[in-house]
J.: 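Below are the structure tokens for one structure; questions will follow.
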Number of protein chains: 2
Amino acid sequence: MTGRIDSPKRKFIETALRLFSERGFYGTSLADVSGELGLTKQSILYHFKTKEALYGAVLEEVAARFDALVNNVIQQDLSAEKKLKTFLAHLLEHTREAPYDGRLITRELLDNLERVEASRKWYLKHFLTESTSLLQDLPKWRYRTEAERTAAMYQLIGAISYFSISEPTLSAIWGKEKLDETSGVFLSTLVSRI
Amino acid sequence: MTGRIDSPKRKFIETALRLFSERGFYGTSLADVSGELGLTKQSILYHFKTKEALYGAVLEEVAARFDALVNNVIQQDLSAEKKLKTFLAHLLEHTREAPYDGRLITRELLDNLERVEASRKWYLKHFLTESTSLLQDLPKWRYRTEAERTAAMYQLIGAISYFSISEPTLSAIWGKEKLDETSGVFLSTLVSRI
DNA sequence: AGTAAAACTTACCGAATGGTAGGTAAGAGG
DNA sequence: CCTCTTACCTACCATTCGGTAAGTTTTACT
């Protein structure tokens with residue numbers, strides 16, 4: 001693993017994440033990515049064999065961040081309810097601080113329908129499984145069916161994710177002020193309905 | 001308006017909708033679209049001045065379907081609560097019957113961040129505004145703030161939309177059986193938390 | 001200082017892209 | 001029968017794409 005913070009690979013991954021998340025895989029060229037760093041596209045191909053390999057590295061890093069997010073909450077010594085609320089708060093906070101992450105994952109959900117390969121991994125599997133387990137220990141949900149808990153958890157994740165990718169559009173439609181008001185009450189409104 | 005069902009424009013729009021929603025704007029070439037119809041790409045450029053114009057026509061049609069969906073519910077003579085539930089049921093049903101529509105809108109939410117032009121219209125404005133108004137007449141929500149109602153409504157729409165674009169991925173992660181179970185209880189789980 | 005690996009560069013390529021220009025075949029209406 | 005419009009076509013073009021090959025510069029280490 002390239003652990004070094006300033007490893008050249010990492011600066012490519014960071015830039016690629018931003019561009020892939022904003023313009024998508026096909027909308028981003030290798031020249032775009034390297035250009036942002038003042039380099040030629042061949043500098044990328046030195047570190048990553050293909051464009052797909054670069055994309056895979058980006059996806060892996062983003063998935064690792066989401067995994068870390070849910071792992072972190074699970075390991076804390078909190079009540080089940082507190083864990084869930086903390087998880088949702090952290091997830092929402094993360095989509096705000098690192099909007100590229102959520103956008104990339106959403107694009108991946110849309111794209112892997114077509115750009116499938118035998119080797120494609122399901123980076124989100126761990127995140128989804130662990131997230132859903134957070135509902136299992138809630139008294140309110142313990143005696144519901146597994147399917148109901150799964151549906152409920154995916155609704156929470158979906159609500160947060162969809163809102164975060166919509167923010168630029170909503171800002172244009174509603175104006176910044178109304179968006180900020182809505183953002184301000186988003187978490188409490190979401191949690192109040194659990 | 002090209003009202004005729006078999007208008008040549010319409011067959012291009014239908015095919016383009018499918019491909020744009022599956023592969024995205026940059027992932028779909030004019031040759032791809034025309035190829036599916038056994039034609040050359042110039043046949044498209046005869047009907048639509050540019051690729052952007054074709055995309056715009058597709059987007060307009062999809063947005064019109066969402067508008068019709070919410071308009072249809074609002075005009076019915078139902079209680080506020082029944083209206084909301086009917087709306088959510090119809091929205092979920094629509095994302096299942098016409099999965100291309102939801103995927104295209106989600107891509108547009110992601111893309112218009114970058115592919116903005118002065119002329120770009122906010123196709124979703126009417127849909128969002130009218131949808132949110134559905135919560136206004138619910139006793140439970142009447143005395144909450146406008147921002148809270150807006151947040152709640154967008155959470156419902158987001159939950160449905162995100163789930164629908166995730167179905168292929170979830171089917172691969174969970175398997176078809178678990179996905180079907182979850183789908184089966186999705187609406188009731190969602191509604192029970194309003 | 002010397003050297004070898006790492007991190008780039010220039011030069012090039014075939015394929016695909018959106019789009020232009022200039023046709024042609026078919027049908028409708030007078 | 002003639003003409004105009006619709007709906008396509010072939011031919012072509014400049015640009016961009018991901019990727020290969022072969023050098024050159026920078027860095028790290030002895």
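So you know, we letter chains A, B, ... as the sequences are listed, proteins then strands, and number each from 1. Every value quoted in this text rests on a predicted model; they were computed, and no experiment measured them.
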J.: Rounded to whole Å, please give me the gap between CZ in B:Phe48 and C1' in D:dA7.
T.: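 Between C1' of D:dA7 and CZ of B:Phe48: 13 Å.
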
J.: Could you give the NZ-to-P distance, from A:Lys49 to D:dG19, as a whole number of Å?
T.: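 To the nearest whole Å, that distance equals 11 Å.
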
J.: Between protein and nucleic acid, restricted to nucleotides 26-28 of chain D and to nitrogen or oxygen atoms under 3.5 Å apart, what atom pairs and distances do you find?
T.:
none

J.: Taking OH from A:Tyr46 and C1' from D:dG23, how many angstroms apart are they, rounded to a whole number?
T.: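 Interatomic distance, OH of A:Tyr46 to C1' of D:dG23: 14 Å.
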
J.: Please list each protein N or O that sits under 3.5 Å from an N or O in nucleotides 10-15 of chain D, with the distance.
T.:
unit_1 : atom_1 : unit_2  : atom_2 : d
D:dA11 : N6     : B:Gln42 : NE2    : 2.9

J.: One pair to check against salt bridge (charged side-chain N to carboxylate O under 4.0 Å, His left out): A:Glu14 and A:Arg18. What are the steps and the verdict?
T.: CA-CA 6 Å; A:Glu14 266 174 50; A:Arg18 189 162 45 83; over 6 Å; no

J.: Quick one: A:Leu37 CG to C:dA7 P, roughly how many Å, whole number?
T.: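 To the nearest whole Å, that distance equals 14 Å.
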
J.: Can you measure A:Leu54 atom CG to D:dG19 atom P for me and round it to whole angstrom units?
T.: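 The distance from CG of A:Leu54 to P of D:dG19 comes to 10 Å, rounded to the nearest Å.
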
J.: NZ of B:Lys178: more than 12 outside heavy atoms within 6.0 angstrom?
T.: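 Atom NZ in B:Lys178 is crowded, with more than 12 foreign heavy atoms closer than 6.0 Å.
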
J.: Contact class for B:Leu45 vs. all strands (heavy atom < 4.0 Å): base, sugar-phosphate, or nothing?
T.: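 Base contact - B:Leu45 has a heavy atom under 4.0 Å of at least one base atom.
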
J.: Could you tell me which residues satisfy side-chain hydrogen bond (donor to acceptor under 3.5 Å, both in side chains) with A:Arg193, sequence neighbours excluded, listed by chain and number?
T.: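 So A:Arg193 forms a side-chain hydrogen bond (donor to acceptor under 3.5 Å, both in side chains) with B:Gln155.
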
J.: Tell me: CD1 of A:Ile44 to C1' of D:dC17, nearest whole Å?
T.: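 A:Ile44 atom CD1 is separated from D:dC17 atom C1' by 13 Å.
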
J.: Relative to each other, are the rings of B:Phe20 and B:Tyr55 parallel, tilted or perpendicular (30° and 60° limits)?
T.: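 Because their plane-to-plane angle is over 60°, the rings of B:Phe20 and B:Tyr55 count as perpendicular.
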
J.: Can you find a side chain N or O atom of A:His47 that sits less than 4.0 Å from OP1 or OP2 on C:dA6?
T.: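 For C:dA6, neither OP1 nor OP2 has a side-chain N or O of A:His47 closer than 4.0 Å.
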
J.: Do the side chains of A:Val185 and A:Trp174 join up, straight or via other hydrophobic residues, at under 4.5 Å, putting them in one cluster?
T.: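 They do not share one cluster, since no chain of ILVMFWY contacts under 4.5 Å joins A:Val185 to A:Trp174.
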
J.: The side chain of A:Lys51 lies closest to which of these nucleotides: D:dG18, D:dC8, C:dC8?
T.: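 The answer is D:dG18, which lies nearest to the side chain.
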
J.: Give one of base, sugar-phosphate or nothing for A:Ser43, where a contact means two heavy atoms less than 4.0 Å apart.
T.: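 Base: the residue A:Ser43, judged by heavy atoms under 4.0 Å, touches a nucleobase.
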
J.: Just checking, is any N or O donor in the side chain of B:Thr182 or A:Tyr154 under 3.5 Å from an acceptor N or O on the other one?
T.: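 On atom types as modelled, these side chains do not qualify, holding no pair under 3.5 Å.
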
J.: What closest approach, in Å, do A:Gly102 and A:Ile165 show between heavy atoms, and which atom pair accounts for it?
T.: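 Heavy atoms of A:Gly102 and A:Ile165 come nearest at O-CG2, 4.3 Å.
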
J.: What does A:Thr28 touch in the nucleic acid at a heavy-atom separation under 4.0 angstrom: a base, only the sugar-phosphate, or nothing?
T.: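 Sugar-phosphate, no base atom in range.
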
J.: Rounded off to whole Å, could you give me the CD-to-C1' distance for the B:Glu52 and C:dT17 pair?
T.: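 The answer, rounded to whole Å, is 14 Å.
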
J.: Separation of A:Phe12 atom CZ from C:dA7 atom P, in whole Å?
T.: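 Rounded to the whole Å, the gap is 10 Å.
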
J.: Can you tell me if the side-chain N/O atoms of A:Ser29 get under 4.0 Å from OP1 or OP2 in D:dT16?
T.: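 No, A:Ser29 has no side-chain N/O under 4.0 Å of OP1/OP2 on D:dT16.
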
J.: Check for me, please, whether B:Leu78 and B:Ile194 land in the same ILVMFWY cluster - side-chain distances under 4.5 Å, paths through other members count.
T.: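 Shared cluster, no.
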
J.: So, B:Phe66 versus B:His94, ring centres under 6.0 angstrom or not?
T.: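 For B:Phe66 and B:His94, the ring centres are under 6.0 Å apart.
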
